[in-house]
S.K.: 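Sending over a structure as structure tokens; questions will come in a sec.
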Amino acid sequence: MNRISKDYFIENDTLSIAKGLIGKTLVRDFGKGEILKSKIIETEAYIGEQDLACHASKGKTERNKIMFEDGGLVYVYLIYGMYWMLNFVTEKADHPAAALIRGIEECSGPGRVGRLLKLDKSFYGENLETSNRIWIEDSIIQSKIIATPRIGIDYSGEIWKNKPWRFVVEK
DNA sequence: CAGAAGATCGGG
DNA sequence: CCGATCTTCTGC
């Protein structure tokens with residue numbers, strides 16, 4: 001299997017990446033020979049400082065600063081005091097954007113994904129091209145991909161909450 | 001420095 | 001529908 005390069009995340013636009021990640025394989029090496037491989041089945045795109053659903057809309061902060069770097073890095077953050085959200089930084093430096101992994105074949109729901117992968121603060125900024133703990137491998141999935149509005153961002157207003165920037169395989 | 005809210009989930 | 005649970009951001 002081919003590991004997805006950092007360039008893939010830097011050179012493509014976030015919507016293409018979010019959609020393109022569907023069907024690719026998320027690999028998590030827990031060490032001691034324990035490896036989890038599962039295909040990505042649901043993602044969302046968060047794009048730029050104008051996107052009011054994107055954390056970068058508040059400018060660069062201690063939490064979101066990784067999104068302002070070149071793509072190909074992991075952006076994790078704790079939500080509701082208990083769930084680690086797994087995101088991949090996309091696009092070039094100073095173009096803050098990311099793709100959220102909302103579901104893999106193993107389990108559905110971003111909070112569950114973070115729990116299954118045993119994510120924590122130490123994954124912040126992890127390099128997907130060189131990490132020995134988490135990376136993406138090329139693969140495809142034989143299913144139709146559909147786009148819908150993103151979940152849980154009603155606060156972002158009519159324009160942004162209705163963008164069809166969530167990608168999921170048709171069941 | 002206090003208070004509110006959050007890219008969620010599971011139980012009732 | 002609501003509580004869990006705690007970091008981050010905002011406003012005073």
Side-chain angles (χ1 to χ4, degrees), chain A residues 4 8-10 12-24 26 28 36 38-126 128 134-136 145-171:
Chain A
I4 301 300
Y8 172 76
F9 293 94
I10 297 175
N12 292 284
D13 66 89
T14 305
L15 286 176
S16 301
I17 294 170
K19 187 173 180 181
L21 283 174
I22 301 289
K24 287 189 169 51
L26 176 60
R28 171 76 169 98
L36 170 71
S38 187
K39 286 183 178 177
I40 297 168
I41 60 169
E42 182 180 352
T43 63
E44 278 178 3
Y46 289 87
I47 312 173
E49 299 182 83
Q50 336 76 257
D51 177 4
L52 295 181
C54 180
H55 289 163
S57 65
K58 298 183 174 184
K60 190 189 286 190
T61 68
E62 195 57 31
R63 176 174 68 163
N64 69 24
K65 62 184 181 187
I66 202 73
M67 275 200 287
F68 289 75
E69 295 190 26
D70 275 340
L73 306 176
V74 171
Y75 170 37
V76 289
Y77 64 90
L78 187 66
I79 191 67
Y80 301 118
M82 55 184 110
Y83 300 109
W84 288 98
M85 301 286 101
L86 174 61
N87 299 256
F88 301 139
V89 177
T90 58
E91 306 196 26
K92 299 177 176 64
D94 294 320
H95 290 258
L100 167 69
I101 304 304
R102 288 193 58 90
I104 55 180
E105 283 183 319
E106 203 81 11
C107 67
S108 190
R112 289 160 144 186
V113 169
R115 193 171 54 192
L116 181 72
L117 300 185
K118 295 188 172 70
L119 300 181
D120 59 45
K121 196 172 186 171
S122 74
F123 282 83
Y124 190 87
E126 192 88 351
L128 290 169
I134 187 169
W135 64 90
I136 308 294
I145 299 172
I146 54 180
T148 80
R150 295 170 291 180
I151 308 294
I153 52 146
D154 285 352
Y155 62 83
S156 65
E158 290 303 316
I159 299 193
W160 302 101
K161 81 178 189 187
N162 292 320
K163 295 280 188 190
W165 289 356
R166 168 174 174 258
F167 301 97
V168 56
V169 301
E170 197 171 48
K171 56 178 186 312

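Labels below follow one simple rule: chain letters A, B, ... track the order of the sequence lines, proteins then strands, and each chain is numbered from 1. Computed from a predicted model, the values in this text were never measured in an experiment.
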S.K.: Could you go through residues 97-114 of chain A and list every donor-acceptor pair under 3.5 Å that involves a side-chain atom there, pairing it with any protein atom two or more places apart or in another chain?
M.R.:
from, atom 1, to, atom 2, distance (Å)
R102(A), NE, E42(A), OE2, 2.8
R112(A), NH1, S108(A), O, 3.0

S.K.: Could you list the residues that satisfy side chain to side chain donor-acceptor pair (under 3.5 Å) with E44(A), not counting sequence neighbours?
M.R.: Y46(A)

S.K.: For Y8(A), check ring pair (Phe, Tyr, Trp, His ring centres under 6.0 Å) against everything at least two apart and list the hits.
M.R.: none

S.K.: Please state the C1' separation for the pair dC2(C) and dA5(B) - nearest whole angstrom.
M.R.: 16 Å

S.K.: E49(A): which residues meet the salt bridge (Lys or Arg N to Asp or Glu O under 4.0 Å) condition with it, sequence neighbours left out?
M.R.: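 With neighbours one apart ignored, the set is empty.
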
S.K.: Counting a pair only when it is Watson-Crick or G-U and both distances are under 3.5 Å, which runs of at least 3 such pairs involve DNA chain B?
M.R.: B:1-6 with C:6-11, B:8-11 with C:1-4

S.K.: S156(A) near the nucleic acid: base, sugar-phosphate alone, or nothing, with a heavy-atom cut-off under 4.0 Å?
M.R.: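 Touches nothing.
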
S.K.: Please name all residues satisfying salt bridge (Lys or Arg N to Asp or Glu O under 4.0 Å) with E170(A), sequence neighbours left out, ordered by chain then number.
M.R.: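 If we apply the salt bridge (Lys or Arg N to Asp or Glu O under 4.0 Å) test to E170(A), skipping adjacent residues, there are no hits.
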
S.K.: For each nucleotide in nucleotides 5-12 of chain B, reading 5' to 3', give B when a protein heavy atom comes within less than 4.0 Å of its base, S when such contact involves only the sugar-phosphate, and - otherwise.
M.R.: -BBBSS--

S.K.: Of all nucleotides in DNA chain C that come within under 4.0 Å of a heavy atom of chain A, which is furthest toward the 5' end and which toward the 3' end?
M.R.: dA4(C) to dT10(C)

S.K.: My understanding is that only residues two or more places apart in sequence, or in another chain, count here; which of them pass side chain to side chain donor-acceptor pair (under 3.5 Å) with S57(A)?
M.R.: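 With sequence neighbours excluded, S57(A) shows a side chain to side chain donor-acceptor pair (under 3.5 Å) to no residue whatsoever.
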
S.K.: Apply side chain to side chain donor-acceptor pair (under 3.5 Å) to N162(A) and list each qualifying residue two or more places apart in sequence or on a separate chain.
M.R.: E158(A)

S.K.: Which residue pairs satisfy the salt bridge (Lys or Arg N to Asp or Glu O under 4.0 Å) criterion with at least one member in residues 64-83 of chain A, sequence neighbours excluded?
M.R.: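 Passing the test, one end in residues 64-83 of chain A: E62(A)-K65(A).
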
S.K.: To the nearest 0.5 angstrom, please state how far the CD1 atom of I134(A) sits from the CG atom of L36(A).
M.R.: 9.5 Å

S.K.: Tell me, please, which residues at least two apart from T43(A) pass side chain to side chain donor-acceptor pair (under 3.5 Å).
M.R.: none

